[in-house]
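Quick note: numbers below take in every heavy atom, side chains included, and nothing from hydrogens, waters or symmetry partners. Quick note on labels: first sequence line is chain A, next is B, and so on, each numbered from 1.
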Amino acid sequence: MIPIKHITSLALIINLLMGIPAFSQTEKKPDEIILAVVEDGIEILQDPTLAGAKNLIERQARIWQLLEPHFNLEEMSKRALGHHWRQRTPEERKEFITAFTSTLKRVYLGKTDTYRGERVDYIRTMMKGNRSKVQTYVYTANGDKFSIDFSLINNTNTWKIYDVTIEGVSIIGNYRSQFNSILNRSSFEKLMTDLRKKG
Amino acid sequence: MKKFDIELSVGLFISVGLLCIVYTSIQLGQVDIFNQKNYYPIKAIFSSVTGLKKDTNVEIAGVKVGTIKNIELENYQATVSMSIRKNIEIQEDAIASIRTKGLLGEKYIAITPGASDDLIGSNGTIFDTEPPFDLEGVIKHFVVDDE
């Protein structure tokens, strides 16, 4: 029987030899992730080869490709459904995640095309356990200022976004209130039908 | 004997009167001195609490579940201390929002329950919060925006 400390040392040596970091020291911080995503997103939106109405589908596909890995869509769906999530079966939860993701894509991907040279300034990061909130200000070309806070969760050793709060209004909080109101006077099936119709 | 009866009656009358004054003060001041053990303290951090006052309600689905005990500035953010009824469970992914009763009414905190199995215990903090809706700011953007 090999002692645990020897197994740890062995794993460390193997990882070093393979060039893989043994610990998540290279893991990006929440603010680094947000600022990198914003920068890459602006780059896509300003790419002349992707400009114009004829490149809309390609442009939005590239934006989604960039954004998707940074969003925890299961966590977002769970939080949007609130306490109703616990009453749903695993199959219903899966269906809901798919339908809710389509809704988010439809609603917010189209909005990226309204980019008019806004600048994003990082303010600060708040941390609490495996959650963090990155606070930013967005300055428009005519000098208006809007606050946008990104809420992130670290469930799988990577920080992923689970909510965005624009001018104090949480996207997930807003969906939670809407879904709660639908589910209190109607059924989960009705909510799914509505989501699929709109998604 | 007769004198003793009068003194006793006056004493009793004053005692009952004082008790009535104490009871009325507690009721009017909404001081919950007898039920403190039935509540637990939690906190929530907001970027702004404009218009929110101490001793106002904390509600879930429009039902009062607690009271705001204190509002302090910490690290340029507002920390709101609340007292929540012991039988009310608040999930760690619950959202605390500052809402207004009516269009121009008093501000209060509304908590929307979350999906998590982990609960916020005594002295815990609600991480996800929404500050009050800035109606003035929206009107300003609406009036100034020329697009």
Tell me if the [atom1] atom of [X] is crowded by more than 12 foreign heavy atoms within 6.0 Å.
{"X": "A:Tyr137", "atom1": "OH", "value": "no"}
{"X": "B:Lys101", "atom1": "NZ", "value": "yes"}
{"X": "A:Ile57", "atom1": "CD1", "value": "no"}

Proximal to chain B - members of residues 59-82 of chain A, heavy-atom separation under 4.5 Å: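 The residues closer than 4.5 Å to chain B, in numerical order, are A:Lys78, A:Arg79, A:Gly82.
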
Residue by residue, scan residues 30-51 of chain A and write down, ordered by number, those that have a heavy-atom distance under 4.5 Å to chain B; if none do, write 'none'.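 Expected list: none.
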
[X] and [Y]: which non-hydrogen atoms are nearest, and at how many Å?
{"X": "B:Phe127", "Y": "A:Met127", "answer": "CE1-C, 4.5 Å"}
{"X": "A:Met126", "Y": "B:Ile45", "answer": "CE-CG2, 4.1 Å"}
{"X": "A:Arg86", "Y": "B:Asp117", "answer": "CD-OD1, 3.7 Å"}

Within this structure, what is the [atom1]-[atom2] distance for the pair [X] and [Y], rounded to the nearest 0.5 Å?
{"X": "A:Asn180", "Y": "B:Thr112", "atom1": "CG", "atom2": "OG1", "value": "8.0 Å"}
{"X": "B:Ser47", "Y": "A:Ile123", "atom1": "OG", "atom2": "CD1", "value": "11.5 Å"}
{"X": "B:Ile95", "Y": "A:Ile172", "atom1": "CD1", "atom2": "CD1", "value": "7.5 Å"}

Proximal component of A:Ser132, with respect to chain B [non-hydrogen, under 4.5 Å]: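 Just the backbone, heavy atoms under 4.5 Å.
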
For the hydrophobic clusters of this structure (ILVMFWY residues joined by side-chain heavy atoms under 4.5 Å, transitively), does one cluster hold both [X] and [Y]?
{"X": "A:Leu152", "Y": "A:Leu104", "answer": "yes"}
{"X": "A:Val164", "Y": "A:Tyr122", "answer": "yes"}
{"X": "A:Ile97", "Y": "A:Leu195", "answer": "yes"}
{"X": "B:Phe46", "Y": "B:Ile42", "answer": "yes"}
{"X": "B:Val58", "Y": "B:Leu52", "answer": "yes"}

Is the side chain of [X] donor-acceptor paired with the backbone N or O of [Y] at a distance under 3.5 Å, no angle test?
{"X": "A:Lys128", "Y": "B:Thr125", "answer": "yes"}
{"X": "A:Arg176", "Y": "B:Pro113", "answer": "yes"}
{"X": "B:Glu130", "Y": "A:Val169", "answer": "no"}

Chain A contact via B:Thr129 - which portion, at a heavy-atom distance below 4.5 Å: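 Its backbone and side chain both get close to chain A.
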
Which of the residues B:Ser116, B:Ala94, B:Ala115, B:Ser48 is involved in the greatest number of heavy-atom pairs with chain A at under 4.5 angstrom?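 Option with the greatest count: B:Ala115.
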
Any side-chain heavy-atom pair from A:His83 and B:Glu89 closer than 4.5 angstrom?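 Contact flag for A:His83/B:Glu89 side chains = no.
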
Can you tell if the side chain of A:Trp85 reaches within under 4.5 Å of the side chain of B:Asp93, non-hydrogen atoms only?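 Contact flag for A:Trp85/B:Asp93 side chains = no.
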
Let's test your reading of the structure: which of A:Ser151, A:Ser147, A:Ser177, A:Gly168 forms the most heavy-atom pairs below 4.5 Å with chain B?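 If we count pairs closer than 4.5 Å to chain B, A:Gly168 comes out on top.
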
